[in-house]
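Scroll down for the structure; my scribbles are underneath it.
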Number of protein chains: 2
Amino acid sequence: MRKGEQTRTLILNEAVALASQVGLEGLSIGSLAARLAMSKSGLFAHFGSKEDLQLLTLKQAQTLFFEQVFSPALKQARGLPRLRALFSNWLAWVKRNDDLAGGCLMLAASVEYDDRPGAVRDLLVAGQRELRGAVAKAIRLAIDEGHLEPHTDPWQLTFEMFGIVLATHHDFRLLGDARAPERAGDALERLIEAHRAAAPRA
Amino acid sequence: MRKGEQTRTLILNEAVALASQVGLEGLSIGSLAARLAMSKSGLFAHFGSKEDLQLLTLKQAQTLFFEQVFSPALKQARGLPRLRALFSNWLAWVKRNDDLAGGCLMLAASVEYDDRPGAVRDLLVAGQRELRGAVAKAIRLAIDEGHLEPHTDPWQLTFEMFGIVLATHHDFRLLGDARAPERAGDALERLIEAHRAAAPRA
DNA sequence: GCAAATAACGAACGTTCGTACTATTGTGTG
DNA sequence: CACACAATAGTACGAACGTTCGTTATTTGC
């Protein structure tokens, strides 16, 4: 029970790395086993099916995202500081090149499964809904703190922030544009400025 | 020479539709042949390799994009009208559900090939560069026409417009959010408003 | 309308896919 | 130390993959 969990986690971490390059569908049990220097059947025994492996891999990526992007942002003061921290952690996540060599797995999977019904897509949608809700909540808190003007629509702002992240991912990954994160920062600041509350400055 | 070209085009159109759902990598010669009720080998004979098929499929999608998004926008008056037309055509392209049932093929391929060097990726990058340049040029014209203020950075604005489109694609396709295009329109108008020239109103 | 050219076919290649069984090794505990 | 069982390896499977081959059908140019 102990050794099993251990290698299982090892497998899943490697699976996240591999899937970030070739996608969740392109992730094959054979190649994953080869990368871990273990037998295909030995690896397969940890999961009942490929879909299970895909689901757990995606779940692992979601956990990593929460730990590295969201959780540290919660330590910042509510309002704009937390919102900015969230955004900058998010950009850092997108830029990662170590164990996410192929870019954000969730974004890749979103495109891969947006028209492929099933458990993977459902998990993807649930995670995305959760993320959006959390960002919108952070924005609502910024309004409550008096950092953003009361008329601000949290969902609209969330939508636009997400767009900036997507564009950054695209430009950074496909076009290899190192200035993309800088552009993203500028875009966010302009966005904040447009919705900043008149009276108190943050 | 005539019959060949004809079925080749037929194949490529079907390939675009199929690849938009399963990706350029997931596009298999066997399933494509089955959809067209022809033999695997007969289809394969039109292309020397799978990579050739992928390249031509992508090229076909790029052509469709130019015809349906870009070309009609050029008929509008330069400046904001043309920029708005371009954006709205782009949104319409993203929302298509007939022969692009799986969403924009270029966006899907961008995520699929962003870390897979080769001819497909090169073609993808070239197309993206061309598109970005054209959008930036439309913005520059809007500045020249006095619709946008002279300090506007065309590349930054292009980046942000692209982000809005990406977010729309994501929300519309994965989350099934029908209000996404509306959000996109609002975002664009706010973006334009922020950069609008002071003196003459458009 | 005949001959040359092209297009489509069916079968088979070797490989890899996911999955199922069985055997062997390894680990933790009484 | 040995027993029980978890963990890994081994082997085999049917199907699908991209690709090649030789052959048949169908267009095309004269």
Side-chain angles (χ1 to χ4, degrees), chain A residues 1-19 21-60 108-109 112-113 116-121 123, chain B residues 1-19 21-60 108-109 112-113 116-121 123:
Chain A
M1 312 168 175
R2 204 159 66 256
K3 180 77 182 341
E5 293 286 336
Q6 187 179 317
T7 54
R8 210 172 112 115
T9 307
L10 220 73
I11 292 171
L12 285 178
N13 282 331
E14 191 68 31
V16 169
L18 182 53
Q21 297 182 305
V22 299
L24 275 179
E25 206 66 21
L27 176 68
S28 85
I29 296 170
S31 59
L32 183 56
R35 273 170 76 127
L36 289 158
M38 69 186 293
S39 71
K40 210 166 72 152
S41 56
L43 191 152
F44 184 77
H46 285 272
F47 317 92
S49 67
K50 178 170 184 185
E51 194 180 29
D52 264 27
L53 170 62
Q54 291 172 324
L55 281 170
L56 290 169
T57 301
L58 178 57
K59 214 169 259 176
Q60 178 77 359
E112 221 176 341
Y113 288 88
R116 214 179 294 211
V120 176
R121 190 201 141 109
L123 178 58
Chain B
M1 311 164 172
R2 206 159 64 257
K3 179 79 182 339
E5 292 288 335
Q6 186 178 317
T7 55
R8 211 173 111 116
T9 307
L10 221 74
I11 293 172
L12 285 178
N13 281 331
E14 191 68 31
V16 169
L18 182 54
Q21 295 182 307
V22 299
L24 274 180
E25 207 64 23
L27 175 67
S28 86
I29 295 171
S31 58
L32 183 56
R35 274 185 159 220
L36 289 159
M38 68 186 294
S39 71
K40 214 167 64 154
S41 55
L43 191 152
F44 183 79
H46 286 272
F47 318 92
S49 68
K50 179 170 184 185
E51 194 181 28
D52 265 26
L53 170 62
Q54 291 172 324
L55 281 170
L56 290 170
T57 302
L58 179 56
K59 214 169 261 179
Q60 178 77 359
E112 219 175 343
Y113 287 88
R116 213 180 293 212
V120 176
R121 191 200 139 107
L123 178 58

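Computed from heavy atoms alone, side chains included, the values below leave out hydrogens, waters and symmetry copies. All values derive from a computational prediction rather than experimental measurement.
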[atom1] of [X] versus [atom2] of [N]: gap in Å, rounded?
X: B:Phe44; N: C:dA7; atom1: CZ; atom2: P; value: 16 Å
X: A:Gln6; N: D:dA6; atom1: CD; atom2: C1'; value: 14 Å
X: B:Glu5; N: D:dT28; atom1: CD; atom2: C1'; value: 15 Å
X: A:Leu43; N: C:dG18; atom1: CG; atom2: P; value: 11 Å
X: B:Arg8; N: D:dT27; atom1: CZ; atom2: P; value: 19 Å
X: A:Glu51; N: C:dT19; atom1: CD; atom2: P; value: 9 Å
X: B:Ile29; N: C:dC9; atom1: CD1; atom2: P; value: 14 Å
X: B:Leu24; N: D:dG18; atom1: CG; atom2: C1'; value: 16 Å

Under 3.5 Å, is there a donor-acceptor pair between the side chain of [X] and the main chain of [Y]?
X: B:Lys50; Y: B:Leu27; value: yes
X: A:Glu112; Y: A:Leu24; value: yes
X: A:Ser39; Y: A:Gly42; value: yes

Problem - Sugar-phosphate only, base, or nothing, as touched by A:Ala45 at under 4.0 Å among non-hydrogen atoms - result: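 Base contact.
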Handout entry: Touch class at under 4.0 angstrom, heavy-atom based, for A:Leu27 against every strand present
Key =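 If one applies the 4.0 Å heavy-atom cut-off, A:Leu27 turns out to touch the sugar-phosphate alone, with no base involved.
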Tell whether [X] reaches the base of [N] with its side chain through a donor-acceptor pair below 3.5 angstrom.
X: B:Lys40; N: D:dG18; value: yes
X: B:Ser41; N: C:dA8; value: no
X: B:Ser39; N: C:dG10; value: no

Handout entry: Separation of B:Leu58 CG from B:Leu123 CG (nearest 0.5 Å)
Key =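 Spacing of CG (B:Leu123) from CG (B:Leu58) equals 4.5 Å.
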Practice task
Kindly point out which of D:dT19, C:dT19, D:dT8 is positioned nearest to the side chain of A:Ser49?
Solution key: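 Taking heavy atoms from C-beta onward, the closest nucleotide is C:dT19.
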Handout entry: Heavy-atom check, side chain of A:Arg116 versus side chain of A:Arg121, under 4.5 Å
Key =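 Heavy-atom side-chain distance check fails, nothing below 4.5 Å.
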Problem - A:His46 side-chain N/O to D:dT8 phosphate OP1/OP2 under 4.0 Å - result: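 Looking at the OP1 and OP2 atoms of D:dT8, one of them is under 4.0 Å from a side-chain N or O of A:His46.
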